[in-house]
Amino acid sequence: MPELPEVETTARGLRERIVGRRVVEVGSLDWPRMAPNATLAALAEATVGRTFESVTRRGKFVIAGLSGEVFLVLHRKMSGNLVLRTADLPIVPHTHLTVELDDGWRLDFIDPRKFGRIYLFLGRESLDAFLDARLGPEPLEIARRDLDRLLDARRGRLKSVLLDQTFLAGIGNLYADEILWESRLHPERPASSLTPRERDRLHTAIRDVLASAIERRGTSFADYVDATGEQGSNQDYLQVYGRAGLPCSRDGCGTLIVRRVVAQRGTWLCTRCQPPA
DNA sequence: CATTACCTGCAA
DNA sequence: TTGCAGGTAATG
């Protein structure tokens, strides 16, 4: 489940390897609804012959910028991966886009569940309009005072607010649970009910949980691998996600982690460290 | 707010 | 064989 840390790791890996490379060929778009605003022909026409100038991340989107303000934007949703391979290797099953580069490497978008999306934007304005309509601020850049403003504008529960990409961009189910455990906040607390001290804890936890997951190159819980096909290590450091029945690791706690459904999502928490009120 | 659709792999 | 996993858009 690629969330902010996994997408950041992938973007960094791609940046190292494809910036400065020219697109030679584009292919394999076998599932047209994965590219809502472009056909294979349009993708090829816009990118072949152009050179990658940047690879960035915004929320869970990877944004590959080519010369002439052409942007290839990819969202991996749940099972998607972006992997670089040498062009002589066969295309594996569930590959839905291939971008061949001038140095003998190929960027493959592989997604068994076909939930992933591929967008093409010509010009920075159309890219920014697309992103700004969907995404709130970056969690690693949000100032403490701005978090107040964001929280006060929300009436839902913490868990669903954290999952809302227009609140903060890039947090998904796994990191929402980890952030709430780290903050010692119950997922069903109303977002606007937090005391200043609790907001401090939430602000710190958002930064710490996401930053350390990036340092560990992401969580390889199910499908995720980075741009070179390597797994991250953050799955070895999870405190609650997927850990029902295991003891809470907080000093002297040991309460068994429970799973329940909050905001229609599997949600793991320590009921002692994260009291309902 | 909640529910459903989109998809496939995999566990029960 | 059924149902669950979950990101997001669309729909009650």
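What you see is a predicted model, and the numbers here were worked out from it, not measured in a lab. To find a chain, count down the sequence lines: A is the first, B the second, and so on, and within it residues start at 1.
Taking atom CG of residue A:D111 and atom P of nucleotide B:dC6, one finds them 16 Å apart after rounding to whole Å. Rounded to an integer number of Å, the gap from A:R58 CZ to C:dT8 P is 12 Å. At whole-Å resolution of the value, CG in A:D177 and P in C:dG7 are 10 Å apart. If you take CG of A:L4 and P of C:dT8, they are 11 Å apart, rounded to a whole angstrom. The CZ atom of A:F130 sits 8 Å away from the P atom of C:dA9 (whole-angstrom rounding). Distance A:N81 CG to B:dC7 C1': 16 Å, rounded to the nearest Å. A:L162 has its CG atom 15 Å from the C1' atom of C:dG7, to the nearest Å.
Distance from the side chain of A:R259 is smallest for C:dC4 among the nucleotides C:dG7, C:dC4, B:dT8. Counting only heavy atoms from C-beta on, A:R33 has its side chain closest to B:dC7 among C:dG7, B:dT8, B:dC7. You'll find that the side chain of A:L163 is closest to C:dG7, out of C:dT8, C:dG7, C:dA9. For A:K114, counting side-chain heavy atoms from C-beta on, the closest listed nucleotide (B:dC7, B:dG9, C:dT8) is B:dC7. Distances from the side chain of A:F115 to the nucleotides C:dT8, B:dT8, C:dG7 place C:dG7 closest.
OP1 or OP2 of C:dG7 lies within a sub-4.0 Å distance of a side-chain N or O belonging to A:R265. Here A:K77 does not reach the OP1 or OP2 of C:dA9: none of its side-chain N or O atoms lies under 4.0 Å away. For C:dT8, the OP1/OP2 oxygens have a side-chain nitrogen or oxygen of A:H75 closer than 4.0 Å. Here A:H94 does not reach the OP1 or OP2 of B:dC7: none of its side-chain N or O atoms lies under 4.0 Å away. Contact annotation: A:R134 side-chain N/O to C:dG7 OP1/OP2 distance is not under 4.0 Å. Side-chain N/O atoms of A:Q264 include one lying less than 4.0 angstrom from OP1 or OP2 on B:dT3. Listed pair A:W31 / B:dC7 meets the phosphate criterion, a side-chain N or O lying under 4.0 Å from OP1 or OP2.
The same atom, P, is picked in C:dT1 and in B:dC7; the two are 23 Å apart, to the nearest Å.
Side-chain atoms of A:E178 do not come within 3.5 Å of backbone N or O of A:A176 as any donor-acceptor pair.
Residues A:D111 and A:K77 are not paired through a salt bridge, judged by the lack of any N-O separation under 4.0 Å between the basic side chain and the carboxylate. A:D148 has no carboxylate O lying under 4.0 Å from a charged side-chain N of A:R145, or vice versa, which leaves the two without a salt bridge. Between A:R154 and A:D164 there is a salt bridge, since a side-chain N of the basic residue sits under 4.0 Å from a carboxylate O of the acidic one.
Taking the six-membered ring where tryptophan is involved, the planes of A:H94 and A:H96 are tilted, since the angle between them lies from 30° to 60°.
Under a cutoff of 6.0 Å and an axis angle of 45°, A:R250 and A:W181 form a cation-pi pair. At least one test fails for A:R243 against the ring of A:W268: distance under 6.0 Å to the centre or angle within 45° of the axis.
At a cut-off of 3.5 Å, with distance as the only test, a side-chain donor of A:T10 or A:R76 sits close to an acceptor on the other residue. For the residue pair A:S249/A:Q239, the side-chain donor-acceptor check at 3.5 Å is satisfied.
Contact annotation for A:E3: backbone-only contact, meaning every heavy-atom pair under 4.0 Å involves sugar-phosphate atoms and none involves a base. Nucleic acid contact for A:Y241: sugar-phosphate only, since backbone atoms but no base atoms lie under 4.0 Å from a heavy atom of the residue.
Taking the centre of each ring, A:F130 and A:F61 come in below the 6.0 Å mark.
The stretch residues 152-160 of chain A has no heavy atom under 4.0 Å from DNA chain C, so no residue of it qualifies as close.
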- [ ] Whenever both distances are under 3.5 Å in a Watson-Crick or G-U wobble pair, mark it; put DNA chain C into dot-bracket that way, with [ ] for crossing pairs and | when the partner is on another strand.
- [x] |||||.||||||

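No option in A:T9, A:D236, A:N234 other than A:N234 meets the side-chain hydrogen bond (donor to acceptor under 3.5 Å, both in side chains) test with A:R216.
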